[in-house]
Structure formats: C-alpha cells, structure tokens
Amino acid sequence: MFRAALRQYLEEAAKRAVTDGALPDVPLPSVEVDVPRGRRHADYATNLPLALARTAGRPPREIAQAIVDALEIPPQQVARVEIAGAGFINFFLAPAWLHDLLRHIYSAGDTYGNRDLGRRRRVNVEYVSANPTGPLHIGSGRNGVIGDVLANLLAALGYDVVREYYINDAGLLVHALAQSVEHHYFAHFGQEKPFPEDGYRGEYVRDLAMQIVQRDGNAWLARPEEERLTAFREFALGEILAEMRRTLEEFGIRFDVWFSERALYEQGAVDRALTALRERGLLYEQDGAVWFRSTSFGDDKDRVIIRSNGRPMYYAADIPYHLNKLERGFELLIDVWGVDHFGDVARVKGGLAALGVDTSRLEILLYQHVRLRNEGELLRMSRRRGEFVTLADLLDAVGRDAARYFFCMYTPSVPMDFDWQLARETSQDNPVYYVQYAHARISSILRETLNHPVGRALVAPAVLAGGQPFDLAAIRDADLSVLTHETEIALLHALAELPEVIEIAGRRREPQRLCTYARELAEAFHVFYTQCRVLSDDRRLTMARLILTAAVRLVLRRTLGLIGVSAPDRM
RNA sequence: GGGCCCGUAGCUCAAUGGACAGAGCAACGGCCUUCUAAGUCGUAGGCUGAGGGUUCGAAUCCCUCCGGGCCCGCCA
C-alpha cells in the first residue's frame, strides 16, 4: 500500500512540476518505487529523476529537486524526503503510516496481498500431465509445485484460474504398458509372451498383472489379443491414474479438469486439425510419412506428424488440445513442461500459428530437471529402465511440507539437485522449519495470552481455535503509536511487502520469491521476538504487540498457504 | 556442429537495471530463573567463470570465449 501511494504522489508531483514550468514537458516514464537493499538509505526510494534525466535534458539532482518541491504528502504519512546519490529521492515513512498498515491487514484478512491485475480474466494452467504409465517420479514433484503455486499466485492476482491435467492415454506408450502387463500375466502361468521393445520394467507392472490374475484368474489367456490388450490397458490406466491422484492429493495438488487425449481422437479433433493444416499447404508426404512444414514457424527442420504406419505423433494431438482450451474461453494458457520437451514448443506453437491462433496466448514455462543425489553421487532416472524414486517415496521420506517448500525454493530455470540422503536425515536444517517455527511461536504466544494477567483481558477466546484474536473495532481503538522499537518497525516493513511479492512472483512466474519472502518475514519476527517481550505489565504495549504479532501470523499463514505448506500452531 | 538454460562465499541457493552483492549449511566465539534455543548476536569467508560493450549506474541487457545441463527420433 505504501509503494502504490508513493507512486501516485510522485506522478502527481511530476505533473505539477511540469505545469509550474519547473520541468520540461516530456513523457513520464513508469514510476518505480523500490526498497533500497537492506533499507540502508531509506524506507523507499525512486529513480524517477534518473529515468527522466535523458529526455528532460537536465541533471538528475535538479529534476529531483523540482519533483520534491512539488510533492504534496501528508506529514503523518511520510516524515522525511531527501535527495541522495546520483539522483534518487528517498522516503522515510512516518510511524503512524506504518501503524495504519496493521488496520489494513486485518481488514483485508485472508485476502491481504491480493491484487486485481487479472480482472477475472480466465487462465488455464496445465501442469504435471505425466504419462499414465507408472508412478509419479520426483520430476513431477517439481512440475506440480511450480504449476500449483503459480496457479495460486494468479488466483491471488485476480485471474480466474483453472488447473488442468492432460492425460496421455492415446498413444503408443499406454499400448506398451498394456503389453508389459501382458508379459507378466503370461509369465505367471508359465507361458512365453515377448516383453515389448519399449516396455516398462518397474515392479509395479508385475503388480498390475498380479491384480488381474487375482481378479480374473487365467481367463485372459484364451481371449483374442486385441480384446485382452484393451482390457489390460484400461485396467492399468485406471489403477495408475488412481494412484497418481492419491499421491497428488497427498502432495496438496488438486485439479479442476482431467483432460483425456483419447477424447480428442474420438471427437475427431485431431483429424480436423490435420485437415486444416493440410488445407493450408503445410503438410506433405515423404518416405511414406506425412510431414509438417514446421520450418515455416522457426523450427530447425520439418517434422513427421503422421508416421508411415498411420499413427499421428504426440504433438499432433497437442495442437487440437490447445485449440480446445482456447475454445473453452481461456484468454491465456500456461503449460508447465520439463525442459526435455523444449523441442515441442516450436512444433505446437507453429501448428497453432498455422491455424490462426495468436501464440502469445500460449505461454510455456520450462523448468530444468531434478537430479537426484545420494551421498554425493548423481543418479539418473529413467522410467523405462524402472529406475526412479517416486514422488510417493519422497513424501514418505521427507513429508509434504518439506518437499513442497524445497521444490518451490529453486528458480524453475535452474537445474536442482535433490539430495536424498540429506533430505531423509534433515529435519532441523530444512528451511521450511525456520518459517513454520515462527508461526508456531506466535501461536504459542497467543495461547499464553489467555493465562497472562494483562493479556487475558485483551484477546478474544477465538485464539484457542486458531482464529484472529481481535476484531476491527478493537484494533481501531488500540494505541499503536507505542510500536517504535527498531525490530517492530522492521517487522512492519516486512509485512508491507507481501502484495508486491505476490505481484512480482506471479507476473514473472517466479514462485521461489514466495520462499525468499517467507524466510525474510520469519527472520524479522524471530529478531523481534528475541528483543521484545509481547506479554508485559504494560497494557497498551501488550495490546499493540499482540496486534502486530497476530498480523505476522496472518501474513505468514497466507504466504505458506500460497506455497502450499502447512502453518502449524505447535512444533 | 546448431538451439535453449545456467555459471554468484568451501557447499546449496537469494537478489524489480540502482546506492556497501545477501541468506542457509559447514567453521569459530557469545546469549536460555522471562511468551517455544527448530531461535538470536558476532567473527571469518567474493575481481558475481573470463574479456569486451550499452548505460548516469550491470550479477542482471548485448557480443566473444571458457565450463556445465537439456534438446536436435516416424519416442513422449
């Protein structure tokens, strides 16, 4: 709320300076208000004079002076304004304005930090979308957290968000899965059935076969192969998808839509898209296959789109799939893909562009892969070889909170190593505990309030149920001017940052900023806690600090909520 | 070979083109008759891979080089 207000004041001042002739009439750049690193120089600062210097043709400090002269800010909001450095304007907030922040936070409650950038525009975020051929592995954990947190951020920014999972249930992969199950099924009855070339070797494949044995005995041995494979495929798909849903649920991820690739084929959407491409002269035949002229859209070579055996490639369905999403009324589509799918971006976007879609409406967020490290040794994961650590294993080992926080902490475009050994043994050193501990400490104080001679009279019993201890009237009447300690001021500044963090993290698709912020807020609280006692004999001070402390809990809870990590009341 | 991503403290990572580049872990030294020590304070640690450029200002943008990851399939 401070930045937005300061921006407004600055814009008005600059316009006033132009009207008064103190500044030449040049276009105003977008006004930026920053927190100087470590708040060393000021609470807030703007580089507006520096940005204006060139077009205005005046020294920055002179411009700064003209703007400062024209500034009209109530003294109860900003205590001091100064010109510094090369031409920055520095602002020092009046304590009263900072105290107002607490009233603002309580009145916003769980919506504190929200913005209305989206204006209810509809966004589809598609993530995880792992092939339904086996358990989710660790990479899907990173994908899931990036997508889920991004969806949370966009919702907080006022977008109407739909979370979607695309099920690749149509291609060769699920066929190979069915054949793999069939192999184990026959083996159980001592019969030979060759293992498919691209088969799946994990232990779970044998388990699936055994479940069929248990249910149907040897009934399938004598049935026609096609019928058997169809039945095995459907059984395996159902089981695997159910297992995925369980794991994702445990991971705190829930989808609004599970979209079937096969449905696209059954509805003829794939054929329609291919026909449309053909009509535009973008397909041609060569070596028995049909090729897509993807070089027309920035690809480095043309690609096969229909194999010589008549089966379309994976990305052929991806084109109508994204058309389908647009037809469902989404203005923006965001896909979260592993970096190994990089090559598909040009194909899918090219296909869409060919059909007249403005491809700026499709944004593909690529994240680098997760490598697993064990005792310093890097492990490569391959599902086909049956070598991977599942997401379910990870959840068992480190828990949902640590896993989510860990995946969220890293910038998506940077590869991350997951140290299995460390993750298993770590509980104290994990950064998530630092943040959660701050929350638990606050809850502990609020509980303790009920036993405190001064505190008892101040708070509502709702504290015990984890609710807010104060109503808005109590906060309006409280004297917050006693919050003057350096650590209290620092804490207030930290609280003020959440809206900005949500906006930047959401707009730039950088969920890790939430983790950085959570840590900073927790740190500000821990420092305050060590230096200031909340519950004391001073009734006014106790009340003010309780209000501050409960506001920190609210903001921590909100931040952790966006990350999808729990906010425990005890640890 | 071509395309994309990355290179920041011993290790893992932060850092809206802004002022003296910050945390955690690891190392060393302090702080618990007081609301949770899973905390806190201090010390030490850096030519932001190298070199050019753009800019009033570059870890951040551009170019070259070095090093690493991913992709370049009628797999997904």
Side-chain angles (χ1 to χ4, degrees), chain A residues 32-38 40-42 45-47 50-51 53-54 59-60 84-88 90 130-131 133 168 171-173 176 198 287-291 298-301 303-309 311-315 318 338-346 366-369 371 383-384 409-417 419 422 426-438 440-449 451-452 455 500 503-504 507-508 510 512-513 515-516 519-520 522-523 525-527 529-536 542 545-546 549 570-571:
Chain A
E32 303 288 340
V33 174
D34 296 328
V35 176
R37 212 191 286 276
R40 264 190 293 263
H41 303 90
T46 185
N47 63 352
L50 290 159
R54 167 162 295 197
F88 294 99
N90 288 342
N131 290 322
T133 52
N168 298 120
L172 293 170
L173 295 185
D198 289 325
D287 307 327
V290 178
W291 296 67
D299 208 347
D300 56 349
K301 51 178 139 173
R303 309 285 169 166
V304 167
I305 194 163
I306 304 174
R307 301 174 181 88
S308 47
N309 65 9
R311 303 185 83 110
M313 299 281 288
Y314 162 85
Y315 76 92
D318 245 8
V339 70
D340 54 327
H341 285 77
F342 169 77
D344 289 331
V345 175
L366 298 175
Y367 65 93
Q368 295 282 329
H369 273 184
R371 294 187 306 183
R383 174 170 293 179
R384 294 231 171 122
M409 260 172 54
Y410 297 86
T411 309
S413 61
V414 174
M416 71 175 266
D417 290 345
D419 192 322
L422 188 72
T426 293
S427 56
Q428 306 222 356
D429 297 339
N430 203 309
V432 68
Y433 293 103
Y434 183 87
V435 179
Q436 289 182 317
Y437 187 57
R441 261 186 161 172
I442 294 171
S443 293
S444 171
I445 293 172
L446 295 180
R447 277 194 303 273
E448 193 57 30
T449 303
N451 301 319
H452 188 270
E500 195 76 13
E503 179 174 338
I504 299 285
R507 242 181 25 203
R508 297 167 66 119
E510 293 181 347
Q512 82 281 1
R513 287 170 188 274
C515 293
T516 307
R519 214 214 162 269
E520 282 168 3
E523 181 178 24
F525 176 75
H526 285 312
V527 172
Y529 177 90
T530 334
Q531 297 194 36
C532 297
R533 239 198 111 69
V534 175
L535 301 173
S536 70
T542 298
R545 285 184 171 165
L546 279 170
T549 299
R570 292 173 209 271
M571 286 174 77

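As a basis for the values below, the full set of heavy atoms in this structure was taken, side chains included, without hydrogen atoms, waters or symmetry mates. Residue numbers start from 1 in every chain, and the chains themselves are labelled A, B, ... in the order their sequence lines are given, proteins ahead of strands.
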Nearest-neighbour nucleotide for the A45(A) side chain, G18(B), A19(B), C74(B) considered: A19(B)
Phosphate-side-chain proximity, Y529(A) and A37(B), N/O vs OP1/OP2 below 4.0 Å: yes
Phosphate contact (G39(B) OP1 or OP2) by T530(A) side-chain N/O below 4.0 Å: no
Nearest listed nucleotide, side chain of L173(A), among A19(B), G18(B), A76(B): A76(B)
Phosphate OP1/OP2 of C35(B): any R447(A) side-chain N/O under 4.0 Å: no
Between G39(B) (P) and E523(A) (CD): distance, integer Å: 11 Å
N/O (side chain, R533(A)) to phosphate O (OP1/OP2, U34(B)) under 4.0 Å: no
Sugar-phosphate only, base, or nothing, as touched by H452(A) at under 4.0 Å among non-hydrogen atoms: nothing
For C28(B), glycosidic torsion class - syn if within 90° of 0, otherwise anti: anti
Nearest-Å distance once atom P is located in both G69(B) and U12(B): 15 Å
Distance test, side-chain N/O of Q368(A) to OP1/OP2 of C4(B), below 4.0 Å: no
Mate of C13(B) where both pairing distances stay under 3.5 Å, Watson-Crick or G-U: G22(B)
Candidate pair D417(A) and R371(A), rule side chain to side chain contact (heavy atoms under 4.5 Å, CB included), full reasoning: CA-CA 5 Å; D417(A) 290 345; R371(A) 294 187 306 183; 2.8 Å; yes
Residue mapping more 5' on RNA chain B - nearest nucleotide basis, M409(A) or N309(A): M409(A)
Y434(A) side-chain N/O to U40(B) phosphate OP1/OP2 under 4.0 Å: yes
Where the chi angle of C32(B) falls, syn if within 90° of 0 and anti if not: syn
R303(A) to Y315(A) six-membered ring, cation-pi geometry met (6.0 Å, 45°): no
Any strand: nucleotide that pairs with U54(B) via Watson-Crick or wobble, under 3.5 Å: none
Separation of L172(A) CG from M313(A) CE (nearest 0.5 Å): 9.5 Å
Spacing of M416(A) atom CE relative to C5(B) atom P, expressed in whole Å: 21 Å
For atom OH of Y314(A) and atom P of C74(B), their distance in whole Å: 17 Å
Nearest-Å distance once atom C1' is located in both A9(B) and A44(B): 11 Å
Sugar-phosphate only, base, or nothing, as touched by D299(A) at under 4.0 Å among non-hydrogen atoms: nothing
Residue-phosphate contact under 4.0 Å: T411(A) side-chain N/O, C13(B) OP1/OP2: no
Separation of the P atoms in C65(B) and C11(B), to the nearest angstrom: 27 Å
Integer-rounded Å distance: C75(B) C1' and F342(A) CZ: 18 Å
Minimum side-chain heavy-atom gap H526(A)-Y434(A) below 4.5 Å: yes
Watson-Crick or G-U counterpart of U48(B), or none if no pair lies under 3.5 Å: none
Atom-to-atom span, CD1 of I442(A) to C1' of A38(B) - whole angstrom: 15 Å
C31(B) to A15(B) separation - P atoms, rounded to the nearest Å: 36 Å
Among C70(B), C72(B), A19(B), the nucleotide that comes nearest once only the side chain of F88(A) is considered: A19(B)
For atom CG of D417(A) and atom C1' of G24(B), their distance in whole Å: 17 Å
Which nucleotide in G22(B), C71(B), C35(B) has an atom nearest any side-chain atom of D340(A): C71(B)
Test item: T449(A) side-chain N/O and L446(A) main-chain N/O as donor-acceptor pair under 3.5 Å: yes
C25(B) to C61(B) separation - P atoms, rounded to the nearest Å: 30 Å
Closest to the L50(A) side chain, choosing from C6(B), C56(B), U12(B): C56(B)
Base-pairing assignment for A38(B) (Watson-Crick or G-U wobble, both under 3.5 Å): none
Pair assignment for G7(B), Watson-Crick or G-U wobble, requiring both distances under 3.5 Å: C66(B)
Rounded distance in Å between the P positions of G1(B) and A59(B): 30 Å
Side-chain-base donor-acceptor pair under 3.5 Å for N47(A) and G18(B): yes
T516(A) vs R519(A) side-chain heavy atoms within contact, under 4.5 Å: no
Out of C72(B), A37(B), A19(B), whichever nucleotide has its closest atom nearest the side chain of D300(A): C72(B)
Atom C1', compared across A21(B) and G57(B): separation rounded to whole Å: 15 Å
Length of the CZ-P vector between R519(A) and A23(B), whole Å: 9 Å
Pair of N/O donor and acceptor under 3.5 Å linking C74(B) base with S308(A) side chain: yes
H369(A) NE2 to C71(B) C1', straight-line distance once rounded to whole Å: 10 Å
Closest listed nucleotide, where the reference is the side chain of R54(A) and the choices are U40(B), C70(B), U55(B): U55(B)
C1' spacing across the pair A23(B) / U40(B), given as an integer number of angstrom: 15 Å
Whichever of R307(A) and H526(A) has its nearest RNA chain B nucleotide further upstream toward 5': H526(A)
